[in-house]
Amino acid sequence: MAEKPEPVRVLYCQVCGLPAEYCEFGPDFEKCKPWIIQNAPDLYPDLLKEANERQADKAAEQLQSVGISSSGDAGGGIQGQADPSGSNIASKPEELKRLPGGKIKKKEKQEVLIEKIVRNKRKCVTVVKGLDLFGVKLSDASKKLGKKFATGASVVKGPTDKEQIDVQGDISYDIVGFITETWSEVPESAIFFIEDGKKVAAA
Amino acid sequence: MFKKFTFEDISAQNQVKTSVQRKIRQNIVDEYPGLEPLMDDLLPKKVPLIVAKCQNHLNLVVVSNVPLFFNVRDGPYMPTLRLLHQYPNIMKKLQVDRGAIKFVLSGANIMCPGLTSPGGALDEDVREETPVAIMAEGKQHALAIGFTKMSAKDIKSINKGIGVDTMHYLNDGLWKMQRLV
Ligand SMILES: [Zn+2]
């Protein structure tokens, strides 16, 4: 009898479940990226580079808009401009056309949406979407928001599979000023509230 | 085959008789001699072997709720991708080029040019009607399990049409069904 082969240990992505090397072809590469950067950066050497470049680009770029929303899952259509050097491998037909490089198709608009969600009558969460489209690192932003408003803030996956920041409590009135002061690349004209499913300009 | 596969496609799950179990083991070993030393681990004699009958004459061989092999009618047993990933050398391999990956992952059968282009690769010994591992350009792990419609030589010389039927692929219903509970 032949020798017993050792099983190969495959690194499966904990986000999409595929072998990590196939995340780029998976249902949502964008969602896998934070995990990949942590666990398998060598598989996608361009990812780190790209993230850095994007931040640098963003700071310099002329920015268009940030949205702020207040209820359920409205305002899902956050759209943003990605950096123009997008790598084209395979795109997937979805409303948010994200390229496998995690870039967002150009025609999409860059804006921040702020939405207040009321849970159990009194408890309330303010959801901030789209800061990442301005090159703002969400984990950073989340920390800053939590500190500024002395509350809990965390980066979570939103209903449209994009990452958003959930801030405990209703901070929707003070948040616009804070965003524009903290991240000068985000113009007030690009910030919107989502109220009853409608987008309302903050400016 | 497993594109939309769910628990609802399983019509019956039966523990098979020892004689049937023995036959299944033998068929698997005949098809994949490399698995012989592992058979006692994969299909332990003392653990009940379940055959789940599904739509379209599909059978799943299940041990401790984990699907390990499948076949159609009396056709050859094929490993699930999760099992193949652990023991990649048990099957002959064909490789598709990078451009074909997304099509395979949407369940498409494999066209000859995807295997004969510079990114593809063919093991010339592969005959027709044979289970094969579908590898992909630039990737280490198998993308799909296929069943050849043509021999590798024909795939190369004819170079058009479907060369391999895609039986099971990453993220299809069987892939997502890690356990039957
Ligand atoms: Zn993934």
Side-chain angles (χ1 to χ4, degrees), chain A residues 1-33 35-37 39-50 86-105 157 161, chain B residues 25 29 32-42 44 66 68 79-91 93 95-108 114 119 133-144 168-179:
Chain A
M1 202 184 251
E3 215 174 295
K4 209 194 253 189
E6 280 295 309
V8 173
R9 296 184 61 153
V10 181
L11 180 67
Y12 291 116
C13 169
Q14 279 170 25
V15 179
C16 69
L18 298 178
E21 58 179 359
Y22 285 103
C23 283
E24 58 176 326
F25 291 103
D28 194 343
F29 188 31
E30 191 60 33
K31 234 165 128 184
C32 300
K33 283 183 177 178
W35 183 90
I36 292 169
I37 289 172
N39 300 277
D42 45 320
L43 283 175
Y44 298 93
D46 290 347
L47 215 56
L48 278 174
K49 216 168 66 190
E50 179 189 291
S87 62
N88 258 321
I89 309 159
S91 62
K92 103 192 158 103
E94 238 191 44
E95 332 111 64
L96 289 185
K97 290 223 169 112
R98 246 169 262 133
L99 298 175
K103 315 222 162 149
I104 293 153
K105 277 211 173 162
K157 301 250 156 59
D161 292 342
Chain B
R25 284 175 66 111
V29 170
Y32 310 104
L35 278 180
E36 191 175 4
L38 293 160
M39 287 314 275
D40 286 335
D41 295 343
L42 294 175
V66 179
L68 294 176
T80 58
L81 273 168
R82 289 181 198 277
L83 178 59
L84 178 70
H85 283 163
Q86 289 191 305
Y87 303 104
N89 297 320
I90 60 172
M91 292 181 100
K93 299 177 178 121
Q95 180 177 304
V96 296
D97 59 33
R98 189 176 163 89
I101 296 176
K102 64 169 189 260
F103 296 106
V104 177
L105 289 181
S106 65
I134 304 298
M135 314 304 287
E137 178 183 5
K139 305 292 180 200
Q140 189 191 348
H141 306 292
L143 158 84
H168 165 37
Y169 55 94
L170 290 175
N171 241 2
D172 70 3
L174 180 58
W175 171 262
K176 288 178 185 154
M177 194 180 292
Q178 285 195 55
R179 297 174 69 81

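Throughout, protein chains are lettered first and strands after them, A, B, ... in sequence-line order, and every chain is numbered starting at 1.
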Per-residue contact mode, [X] against chain A (heavy atom under 4.5 angstrom):
X        : result
B:Leu105 : side chain
B:Leu83  : neither
B:Asn89  : neither
B:Gln140 : both

Which atoms form the tightest heavy-atom contact between A:Leu43 and A:Ala20, and what is the distance?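 Shortest heavy-atom separation between A:Leu43 and A:Ala20 comes out as CD1-CB, 3.5 Å.
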Between A:Pro27 and B:Asn171, what is the shortest heavy-atom contact and its length?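 Scanning both residues completely, I find the closest heavy atoms to be CD-ND2, 3.5 Å.
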Output the option from B:Gln178, B:Gln86, B:Lys176 having the highest count of non-hydrogen pairs under 4.5 Å with chain A.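 Heavy-atom pairs under 4.5 Å are most numerous for B:Gln86.
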Determine the option with the most heavy-atom pairs under 4.5 angstrom with chain A, choosing from B:Leu81, B:Asp41, B:Ile90.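 Option with the greatest count: B:Asp41.
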Could I get the full list of ring pair (Phe, Tyr, Trp, His ring centres under 6.0 Å) partners for A:Tyr44, not counting sequence neighbours?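 Scan of A:Tyr44 (ring pair (Phe, Tyr, Trp, His ring centres under 6.0 Å), adjacent residues dropped) gives A:Phe29.
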Within the structure provided, determine whether B:Glu36 and B:Arg25 are in side-chain contact (heavy-atom separation under 4.5 Å).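 Answer no - side chains too far apart.
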Top residue by heavy-atom pair count (under 4.5 Å) with chain B, among A:Pro7, A:Gly17, A:Cys16?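 That would be A:Pro7.
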Which residues pass the side-chain contact (heavy atoms from CB on, under 4.5 Å) test with A:Val10, not counting sequence neighbours?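 Scan of A:Val10 (side-chain contact (heavy atoms from CB on, under 4.5 Å), adjacent residues dropped) gives A:Val8, A:Tyr12, A:Pro19, B:His85, B:His141.
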B:Asp172 side chain to B:Tyr169 main-chain N or O, any donor-acceptor pair under 3.5 Å?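 Yes; at least one donor-acceptor contact below 3.5 Å.
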